[in-house]
Structure formats: structure tokens, C-alpha cells
Peer 1: 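Attaching a single structure in C-alpha cells format; questions to follow.
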Amino acid sequence: GIVLNRAVSRFDLGPEQRTRTKNMVRYALGLAAILSWAVIWANELQEAALVASCFAVAIVLFNKELILSVLGWWLKTVSGAYRIGDRIRVGDFRGDVIDYGVLFTTLMQVNPDTEHGMRTGNVITIPNALLLSEALVNETRTLGFEWKEIHFTLAQGADWQAAETMLRSTATRIVDEYREELLTALREMSDRFAFHPIQESPHVFVKPQDDGKVRIWVRIALPARGIAIGADRLNRAFLQWQAGVTEV
């Protein structure tokens with residue numbers, strides 16, 4: 001410091017310039033010292049960097065699932081993919097969201113292999129990392145309804161027109177119970193997305209079979225959490241009609 005002060009004082013500089021010159025010289029000397037130290041210890045620094053790199057890679061590999069789960073949570077948060085109470089399907093998992101955090105999402109399980117949509121009573125916890133590798137289906141995000149096809153088979157010679165009329169009437173009565181809610185959900189989805197509204201009224205399809213039987217099925221909008229109930233009502237109506245019961 002003394003040598004530096006003496007060297008700078010030899011120049012005819014103002015106080016501010018003298019201070020700046022001292023600082024610049026200090027920085028230059030410091031940089032030269034660091035470079036000299038780096039040259040002298042180059043081999044040791046290279047080995048240390050290699051060890052540090054290996055250590056960093058080991059940490060990343062060890063915490064890969066942890067990092068992916070955090071990224072999955074971030075993706076879910078940014079996209080608003082689901083909320084508590086939504087029914088979702090992720091890969092082989094399906095259920096109602098009852099809790100979620102940074103690392104995991106907890107579901108009340110719904111059997112993914114059945115269409116009735118009823119809960120099993122099991123609670124499953126899935127890592128948020130799955131959100132990065134599996135497609136996520138939110139069954140109740142906007143609509144809260146699913147369009148299902150309930151199939152029946154008529155015996156050869158059966159009056160398929162009467163069956164069609166009965167099934168359409170029964171399906172219409174079912175939909176009438178929540179038609180306003182369904183129409184509101186369809187309007188909201190149409191306003192929110194580039195979406196052409198689905199027909200809310202039930203439709204009955206008929207197809208003759210090679211064996212003389214007739215396959216008949218109803219396409220109907222059912223509440224996502226009431227699929228089994230709606231399908232059961234149609235099945236019972238069909239059985240009653242087959243048995244000759246007029247009030248269905």
C-alpha cells in the first residue's frame with residue numbers, strides 16, 4: 001500500500017483521479033496475482049473441478065425424481081391443470097384430487113378400467129414427476145359431464161322402434177334433471193375455448209346384426225360422478241320394457 005501511494009503521488013493528479021488510479025492499480029495487481037496462482041496450481045484446480053463436477057452429477061442423479069416432481073408441480077401451477085375436487089386421470093391412475101403439494105398429488109381412487117366412475121375407497125399418492133411424462137385428463141375441469149354410450153341387444157323380431165322410443169324417452173327424462181346445469185357448462189366451455197358445443201339431448205342409434213338381432217345404443221351426457229347411476233336407470237328401463245312393463 002505504501003509503495004502504491006508513493007508511486008501514484010509522483011503523478012500530478014487531483015484527489016479523485018488519484019483515488020481512481022489507486023483502485024485500478026489494485027485491481028490489476030489482484031487480477032495478476034489470481035492468474036499467477038491459477039497457473040501455478042493449474043493441475044490441482046483441474047482435479048478439484050473434476051471432483052466437483054462428479055459430485056454435482058451424483059447429486060443431480062440422486063435427486064432426479066425430486067427435481068422432476070418439483071418441475072411437475074410448477075407445470076401444474078402454471079397451467080392450472082387441476083384443483084382439489086377435480087377428477088383426473090394420469091397414466092394408469094384415476095381419481096378425485098383430495099390434496100396436492102410440491103412433490104405429490106393425493107387422489108381418492110376411481111378404478112381406471114371401469115366406466116361407472118365410482119370410487120374404490122382407496123387413497124393413492126402419485127409423484128408430480130408423472131405430470132411431465134404422462135398425459136393428464138381432467139374429467140371435471142369445465143364440463144363435469146361425460147358422454148357415454150349404453151348398449152343393448154334386441155332379440156330377432158323384436159320391435160326396435162318401440163325400444164328406440166322408450167330409450168329416448170327415458171334418457172331425455174334423465175337429462176332433463178340437470179339440463180340447465182349441462183347447458184351452462186357447455187356455454188362456459190364454448191366461451192373459454194375454441195369449442196363447438198356438444199349436443200346435450202340424448203341420441204339413440206340402431207344397427208342390425210348378421211344373426212338377425214338388432215344392436216341399439218344410447219349416447220347420453222351423464223354427470224362424471226354419476227355415470228353408474230344413469231346407466232343403471234337405462235338398464236332397468238330396458239329390462240322392464242322387455243318384460244312388458246309399460247311404466248318405465
Peer 1: Of all heavy-atom pairs between Ser69 and Asn128, which one has the smallest distance, and what is that distance?
Peer 2: O-CB, 3.2 Å
Peer 1: Quick one: closest heavy-atom pair of Ala171 and Val218, and the distance?
Peer 2: CB-CG1, 3.9 Å
Peer 1: Does some side-chain heavy atom of Ile216 sit less than 4.5 Å from a side-chain heavy atom of Val204?
Peer 2: yes
Peer 1: Between atom NE2 of His151 and atom CZ of Arg219, what is the distance when rounded to the nearest 0.5 Å?
Peer 2: 10.5 Å
Peer 1: Report the distance from atom CD1 of Ile220 to atom NE2 of His203, rounding to the nearest 0.5 Å.
Peer 2: 13.0 Å
Peer 1: Identify the residue among Trp217, Trp160, Phe152 that makes a ring pair (Phe, Tyr, Trp, His ring centres under 6.0 Å) with Phe205.
Peer 2: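 By the ring pair (Phe, Tyr, Trp, His ring centres under 6.0 Å) criterion, Phe205 pairs with just one of Trp217, Trp160, Phe152: Trp217.
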Peer 1: Is there a path from Leu132 to Ile67 through hydrophobic residues (I, L, V, M, F, W, Y) whose side chains come within less than 4.5 Å of each other?
Peer 2: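 Yes, one cluster joins them.
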Peer 1: Within a strict 4.5 Å, meaning less than it, do heavy atoms of the Tyr178 and Leu222 side chains meet?
Peer 2: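 They are in contact (side-chain heavy atoms under 4.5 Å apart), so the answer is yes.
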Peer 1: Is Leu131 reachable from Leu68 through a run of hydrophobic residues whose side-chain heavy atoms are each under 4.5 Å from the next?
Peer 2: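 In one cluster with Leu68: Leu131, no.
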Peer 1: Roughly how far, to the nearest 0.5 Å, is CZ of Arg94 from CD1 of Ile88?
Peer 2: 11.5 Å
Peer 1: Between Gln199 and Trp147, is there a side-chain heavy-atom distance shorter than 4.5 Å?
Peer 2: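 Not touching, per the 4.5 Å side-chain cut-off.
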Peer 1: Which heavy-atom pair separates Trp73 from Gly101 by the least distance, and what is that distance?
Peer 2: CD1-O, 3.1 Å
Peer 1: What is the distance from atom CG of Asp232 to atom CZ of Arg236, rounded to the nearest 0.5 Å?
Peer 2: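 Nearest 0.5 Å value for the CG-CZ distance: 4.5 Å.
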Peer 1: Linking I/L/V/M/F/W/Y whenever their side-chain heavy atoms sit closer than 4.5 Å, directly or via other members, would Leu71 and Leu75 fall into one cluster?
Peer 2: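 Both belong to a single hydrophobic cluster.
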Peer 1: To the nearest 0.5 Å, what is the distance between CD (Glu134) and CZ (Phe93)?
Peer 2: 9.0 Å
Peer 1: Apply side chain to side chain contact (heavy atoms under 4.5 Å, CB included) to Phe238 and Ile150, showing your working.
Peer 2: CA-CA 11 Å; Phe238 180 77; Ile150 315 300; over 6 Å; no
Peer 1: May I ask you to test the Leu136-Arg89 pair for a side-chain heavy-atom distance under 4.5 Å?
Peer 2: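 No; the side chains remain at least 4.5 Å from each other.
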Peer 1: Can you name the one residue among Leu234, Thr172, Thr170 that meets side-chain contact (heavy atoms from CB on, under 4.5 Å) with Pro202?
Peer 2: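 Going through the options one by one, the only one that passes is Thr172.
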Peer 1: Is there a continuous path of hydrophobic side-chain contacts, each under 4.5 Å between heavy atoms, that joins Val206 to Leu167?
Peer 2: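 Same cluster: Val206 reaches Leu167 through Ile, Leu, Val, Met, Phe, Trp or Tyr contacts under 4.5 Å.
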Peer 1: Kindly assign one of parallel, tilted or perpendicular to the pair Tyr82 and Tyr100, based on the angle between their ring planes and the thresholds 30° and 60°.
Peer 2: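 Because their plane-to-plane angle is over 60°, the rings of Tyr82 and Tyr100 count as perpendicular.
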Peer 1: Does a sphere of radius 6.0 Å around NZ in Lys213 hold more than 12 heavy atoms from other residues, nucleotides or ligands, not counting ones at 6.0 Å or beyond?
Peer 2: no
Peer 1: Enter the distance from Leu182:CG to Arg187:CZ here, rounded to the nearest 0.5 Å.
Peer 2: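 Output value for this atom pair is 9.5 Å.
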Peer 1: For Trp74, look at atom CH2 and say whether over 12 heavy atoms of other residues, nucleotides or ligands are found less than 6.0 Å away.
Peer 2: no
Peer 1: Please determine whether a side-chain nitrogen of the Lys or Arg among Glu146 and Arg87 lies less than 4.0 Å from a carboxylate oxygen of the Asp or Glu.
Peer 2: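 Judged by the 4.0 Å cut-off on N to carboxylate O distance, Glu146 and Arg87 do not form a salt bridge.
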Peer 1: Using salt bridge (charged side-chain N to carboxylate O under 4.0 Å, His left out) as the criterion, list what pairs up with Arg215, not counting sequence neighbours.
Peer 2: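 Result, salt bridge (charged side-chain N to carboxylate O under 4.0 Å, His left out) vs Arg215: none returned.
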Peer 1: For Asp211, does the CG atom sit with more than 12 other heavy atoms under 6.0 Å from it, leaving out its own atoms?
Peer 2: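 Yes.
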Peer 1: Between Thr165 and Arg168, does any side-chain donor sit less than 3.5 Å from a side-chain acceptor?
Peer 2: no
Peer 1: Can you check whether Leu107 reaches Val97 side chain to side chain, under 4.5 Å on heavy atoms?
Peer 2: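 Of all side-chain heavy-atom pairs linking Val97 with Leu107, at least one is under 4.5 Å.
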Peer 1: Evaluate the side-chain proximity of Arg119 to Arg225: yes if any heavy-atom separation is below 4.5 Å, no if none is.
Peer 2: yes
Peer 1: Does a salt bridge link Asp176 with Arg179, judged by any charged N lying under 4.0 Å from a carboxylate O?
Peer 2: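 Yes, Asp176 and Arg179 are salt-bridged.
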Peer 1: Among Ile84, Ile126, Ile98, find the one that has a side-chain contact (heavy atoms from CB on, under 4.5 Å) with Thr105.
Peer 2: Ile126
Peer 1: Linking I/L/V/M/F/W/Y whenever their side-chain heavy atoms sit closer than 4.5 Å, directly or via other members, would Phe104 and Val70 fall into one cluster?
Peer 2: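 Yes, one cluster joins them.
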